[in-house]
Amino acid sequence: MNTKQLDRIHTGKGFIAALDQSGGSTPKALLQYGITESSYSTEEEMYALVHEMRTRIIKSPAFDSEHILGAILFENTMDRFIDGQLTADYLWEKKGIVPFLKVDKGLAELEDGVQLMKPISGLDDLLKRAVSRNIFGTKMRSVIKEANPAGIKKVVEQQFEIGNQIAQMGLVPIIEPEVDIYSADKAASEKLLKDEISTQLAALGKDVKIMLKLSIPTEDNFYRDLMDDPHVVRIVALSGGYSQAEANEKLSRNDGLIASFSRALSQDLAAGQSDEEFNATLSSSVQSIYKASL
């Protein structure tokens, strides 16, 4: 584990940029950026286009370490290059931004009010590659749609079981049990979730470090006490479908919680923008998300 990166994530000011759209969400991300499905005919062409988009974001002067602590990458992005350097090396060496990797393979079908992660085949090999590519940590997502105690318990147990496996490789796992922001019983789900997280944190080995990525809570500062747990490096928030303005407003009411936004970061960026327009738009987003994360 890179202790300089650990200290930056633990104590630094800023937020985590989520640039980890994968196979299923990549077409939507490209469409939001102004690139339609008619612009590519193969998966490779699609991934080349999304890497161009991500490269443009990462190389922008607005994407800087003064405001951004880390960036979450998709596996395909990790294996690609920016100006002759692997993406993670470019992020850290050129930008001073800590690289993370999305490792989950998507969601299982809804059961007991939740969607567990699908089995992560080849995880050990992927983690070894991540270490060799100088990745600091990982991210994996589950979804909670109902306040179902049995389902939420399964979600958290699965997340921490795999999180332990990741931590043994010297990486810091971001555990992401997302509560659907449109859930009718969101606050009840959050209470059950917090209780299960507390149980799992108490069972972790002394030296295990994790991060949590959670939906912005219904009750302000609801997760504040979890930030003091010695296992928790940082708690970050997902935008969850809120607009950038709404996500920022809700986030700003939660002390110590910082953003890890995806759509809310890139929502106004477009392929057809000039570099000046693109950089100005990204700068506006970065500045507003940073301010909400303070």
Side-chain angles (χ1 to χ4, degrees), residues 9 14-22 24-26 28-29 32 54 57 67-74 98-104 106-107 114-117 137-146 152 155-156 158-160 162-163 172-183 186-187 189-190 192-194 196-197 210-224 226-227 232-267 285-286 288-294:
I9 296 298
F15 65 94
I16 309 291
L19 305 176
D20 59 326
Q21 297 93 349
S22 55
S25 57
T26 297
K28 293 179 183 177
Q32 178 182 312
R54 288 165 177 156
I57 292 171
H67 304 96
I68 299 168
L69 297 174
I72 305 171
L73 308 174
F74 172 49
V98 180
F100 292 81
L101 174 68
K102 167 187 161 71
V103 296
D104 69 80
L107 299 169
V114 304
Q115 289 180 275
L116 297 171
M117 292 180 286
T138 65
K139 191 214 80 163
M140 49 190 178
R141 171 177 173 260
S142 313
V143 174
I144 296 166
K145 291 185 174 292
E146 299 173 12
I152 292 173
V155 161
V156 179
Q158 183 192 44
Q159 283 274 352
F160 273 83
I162 299 173
V172 175
I174 299 178
I175 288 170
E176 182 183 2
E178 174 183 348
V179 177
D180 190 328
I181 64 169
Y182 303 111
S183 170
K186 179 173 177 283
S189 291
E190 288 164 347
L192 291 167
L193 174 62
K194 183 179 176 181
E196 291 296 338
I197 289 173
I210 66 142
M211 295 172 63
L212 294 166
K213 183 170 180 176
L214 305 171
S215 304
I216 302 171
T218 304
E219 178 186 327
D220 293 347
N221 293 311
F222 184 67
Y223 296 119
R224 184 65 188 83
L226 293 181
M227 296 178 190
V232 177
V233 177
R234 205 75 185 248
I235 301 182
V236 303
L238 55 102
S239 49
Y242 292 126
S243 68
Q244 183 186 111
E246 191 173 8
N248 285 342
E249 191 278 327
K250 292 178 180 294
L251 178 66
S252 67
R253 302 200 305 260
N254 287 268
D255 298 334
L257 193 64
I258 66 171
S260 178
F261 294 170
S262 176
R263 281 170 294 178
L265 171 65
S266 59
Q267 67 178 23
S285 290
V286 167
S288 64
I289 295 170
Y290 173 80
K291 183 179 179 180
S293 297
L294 293 177

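Below, each value reflects all heavy atoms present in this structure, side chains not excepted, and no hydrogens, waters or symmetry copies. The chain is numbered in sequence order, starting from 1.
Contact annotation: the side chain of I258 never approaches that of I289 to less than 4.5 Å [non-hydrogen atoms, C-beta and beyond]. Side-chain contact between I9 and I16 is present, with at least one heavy-atom pair separated by less than 4.5 Å. By the 4.5 Å heavy-atom criterion applied to side chains, N254 and N221 are counted as neighbours. The shortest side-chain heavy-atom distance between V156 and L193 falls under the 4.5 Å cut-off. Using a 4.5 Å cut-off on side-chain heavy atoms (C-beta onward), V179 and T218 make no contact.
Of all heavy-atom pairs between G163 and P173, the closest is O-CG, 3.5 Å. When every heavy atom of A259 is checked against every heavy atom of S293, the shortest pair comes out as N-OG, 3.1 Å. The minimum heavy-atom distance between P217 and L257, with the atom names listed, is CD-CD2, 4.1 Å. Minimum heavy-atom separation, L214 to P177: CD2-CD, 3.7 Å. Nearest heavy atoms, S189 versus I152: O-CD1, 3.8 Å.
Take Q244 and apply the side chain to side chain donor-acceptor pair (under 3.5 Å) test, not counting sequence neighbours, and it matches S285, S288. Partners of Y290 by ring pair (Phe, Tyr, Trp, His ring centres under 6.0 Å), not counting sequence neighbours, listed by chain and number: H67. Every residue two or more places apart in sequence or in another chain that forms a side chain to side chain donor-acceptor pair (under 3.5 Å) with D180 is listed here: K145. For Q158, the side chain to side chain contact (heavy atoms under 4.5 Å, CB included) partners are L116, M117, S142, I162, not counting sequence neighbours. Evaluation of the side chain to side chain donor-acceptor pair (under 3.5 Å) rule for R263 yields no partner, not counting sequence neighbours.
Separation of atoms CG (L212) and CE (M227) is listed at 9.5 Å; rounding is to 0.5 Å. Rounding to the nearest 0.5 Å gives a distance of 11.0 Å between OG1 of T138 and CD of E176. Interatomic distance, Q159 CD to E196 CD, rounded to the nearest 0.5 Å: 13.0 Å. In this structure, CE on M140 lies 8.5 Å from CG on D104, to the nearest 0.5 angstrom. Atom CD1 of I144 sits about 9.0 Å away from atom CD of E178, to the nearest 0.5 Å. Rounding to the nearest 0.5 Å places CG of L192 at 12.5 Å from NZ of K194.
Residue pairs meeting the salt bridge (charged side-chain N to carboxylate O under 4.0 Å, His left out) criterion with at least one partner in residues 236-254, sequence neighbours excluded, are D220-R253, E249-R253.
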- Message: Go through it in stages, so that I can follow the logic: the residues are F100 and D20, the test is side chain to side chain contact (heavy atoms under 4.5 Å, CB included), and I'd like the CA-CA distance, side-chain angles, deciding distance and then a yes or no.
- Response: CA-CA 9 Å; F100 292 81; D20 59 326; over 6 Å; no
- Message: With side chain to side chain contact (heavy atoms under 4.5 Å, CB included) as the criterion, how do I68 and F15 come out once you've worked through the C-alpha distance, each side chain's angles and the decisive distance to 0.1 Å?
- Response: CA-CA 5 Å; I68 299 168; F15 65 94; 3.7 Å; yes
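A salt bridge links E190 and K186; the closest N-O separation between the charged side-chain nitrogens and carboxylate oxygens is under 4.0 Å.
The backbone N or O of I72 sits nowhere less than 3.5 Å from a side-chain atom of K139 that would complete a donor-acceptor pair. Panel note: side chain K213, backbone S260; a donor-acceptor pair is recorded below 3.5 Å.
Only one option out of V236, L238, N248 pairs with F261 in a side-chain contact (heavy atoms from CB on, under 4.5 Å); it is N248.
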